[in-house]
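Reviewing the structure listed below.
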Amino acid sequence: MLLSFSHYSLRSQLWRLLLLALITCSSVTYAQAANTSTPTISKPATVTSADTQPFAINVTTSIQFERQLQLSYSAPVRMKQVLSDSLTHLPTFLAGGDSDQQDQRIYWTGAALFKILPHPRQHAVVTQLNQLATHWQGEQQQAALNLSQQIEQLMTGERIFTPLDYDNVRLNKQANTLITQNLTLILPPRPEQILVLGALDKPVWSEWKIRQDAEAYLKQSKPLSNANNSDAWVIQPDGTVEQHPIAYWNHDHHDIAPGAIVYLGFSSLPDGFETLNEDIINLLRNRAL
């Protein structure tokens, strides 16, 4: 495994990393790139294959950050090793960045692994909503445009839906998947907001509150006349999609995790837009915190 710190000088850390490498029986070399001395830590691969090309895992607490920790591997590696390497080196990496990103515990429910950023279907969904707005007038037209703008601003990617909680991966052999390609790993702190959107006058970022359900979050927005008034879709931070009843005749409490999305679907859509609700939900479950 090769470790490089982008845009971060680690001259003061060289001796400490060398000592750590000696203790863990890893070899340490130094590479010169862009006039910056960058440490490279080589560790034994867990699996070997003559056909495997070197690959890298970019690790960050948010894809909005330009600085990312890069873990490079010369052979396939298990998820447990990737998470272990991330937990070992991420605190030191964050210590050289913004102070508000230091010493924050990882929110494993929202941790995510991505193949591609952004999601290949994001632009298509935005285009669909803009086209839908041309079929409507007044409040509905503006609502479609507001939803389009919100979805365009979301950070999405082609997500690999696999458990990432370190304890689960460490103890569960099935969760300890084999990694063989370039990926981006997001290990975020716990968010404090819920995103509420869909067939509403406008999307709303709402403060997460314990034991507050979808019906309560939706009361902070104005539903459209063609909104589904029976159920809402909740996209939990791990990408799980749940249907929560919200009407007086079927209401049943369901917990919502911090960082989730509450989506109120359209009950009726023009010809050619029948799959729009499904397309939006599939995109939202690929969101990155």
Side-chain angles (χ1 to χ4, degrees), residues 62-64 110 112 114 116-159 191 193-208 212-237 239-248 250-251 254 256-289:
S62 171
I63 58 175
Q64 299 183 58
F114 294 93
I116 302 173
L117 298 164
H119 193 280
R121 289 287 300 166
Q122 184 167 0
H123 178 71
V125 171
V126 171
T127 299
Q128 276 187 294
L129 285 167
N130 289 334
Q131 292 174 346
L132 177 63
T134 65
H135 289 261
W136 287 343
Q137 295 180 347
E139 182 182 55
Q140 289 185 337
Q141 182 181 65
Q142 188 58 52
L145 293 174
N146 291 340
L147 180 56
S148 169
Q149 292 173 4
Q150 180 63 71
I151 289 181
E152 187 174 25
Q153 294 170 8
L154 289 180
M155 301 294 180
T156 67
E158 188 175 339
R159 185 171 184 174
Q193 290 183 311
I194 297 290
L195 176 58
V196 185
L197 46 65
L200 306 165
D201 59 339
K202 60 182 179 181
V204 174
W205 288 94
S206 179
E207 179 185 0
W208 176 81
Q212 184 157 298
D213 59 13
E215 181 194 21
Y217 286 116
L218 286 167
K219 286 181 178 179
Q220 302 177 40
S221 302
K222 179 184 177 182
L224 301 179
S225 59
N226 63 338
N228 184 336
N229 59 9
S230 299
D231 302 278
W233 294 96
V234 173
I235 299 91
Q236 302 285 12
T240 301
V241 178
E242 302 170 350
Q243 195 169 13
H244 291 194
I246 58 173
Y248 73 91
N250 70 345
H251 182 261
H254 293 270
I256 297 175
I261 296 175
V262 177
Y263 176 75
L264 186 63
F266 297 94
S267 63
S268 60
L269 289 163
D271 292 342
F273 296 89
E274 293 87 354
T275 66
L276 182 58
N277 284 319
E278 181 181 348
D279 293 341
I280 292 174
I281 292 170
N282 285 334
L283 177 64
L284 294 178
R285 70 191 301 258
N286 285 275
R287 173 190 170 221
L289 294 181

Does the side-chain hydrogen bond (donor to acceptor under 3.5 Å, both in side chains) test come out yes or no for Asn146 and Gln142, once each step is laid out?
CA-CA 6 Å; Asn146 291 340; Gln142 188 58 52; 2.9 Å; yes
Carefully, step by step, assess Glu207 and Gln212 under the rule side chain to side chain contact (heavy atoms under 4.5 Å, CB included).
CA-CA 10 Å; Glu207 179 185 0; Gln212 184 157 298; over 6 Å; no
List the steps, then state whether side chain to side chain contact (heavy atoms under 4.5 Å, CB included) holds for Arg285 with Arg159.
CA-CA 8 Å; Arg285 70 191 301 258; Arg159 185 171 184 174; over 6 Å; no
Could you give me the CA-CA distance, side-chain angles and deciding distance for Val125 and His119, then say whether side chain to side chain contact (heavy atoms under 4.5 Å, CB included) is met?
CA-CA 10 Å; Val125 171; His119 193 280; over 6 Å; no
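More than 12 heavy atoms of other shown residues, nucleotides or ligands fall within 6.0 angstrom of atom CD in Glu274. Atom NE2 of His123 sits in a sparse spot, with 12 or fewer heavy atoms from other residues, nucleotides or ligands closer than 6.0 Å.
Here the straight-line distance linking atom CG of Leu283 with atom CG of Leu154 works out to 7.0 Å at 0.5 Å rounding. To the nearest 0.5 Å, atom CG of residue Asp231 and atom CD of residue Glu242 are 12.5 Å apart. Atom CD in Glu139 sits 7.0 Å away from atom OG in Ser225 (nearest 0.5 Å). Separation of atoms CG (Leu284) and CG (Asp279) is listed at 11.0 Å; rounding is to 0.5 Å. Taken to the nearest 0.5 Å, the CG atom of Asn286 stands 11.0 Å off from the CD1 atom of Ile235.
Remark: side-chain polar atoms of Trp208 are paired, donor with acceptor, to backbone N or O of Ile256 under 3.5 angstrom.
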Less than 3.5 Å apart, which donor and acceptor atoms pair up between the side chains of residues 264-273 and the rest of the protein, not counting sequence neighbours?
from	atom 1	to	atom 2	distance (Å)
Ser267	OG	Asn226	O	2.8

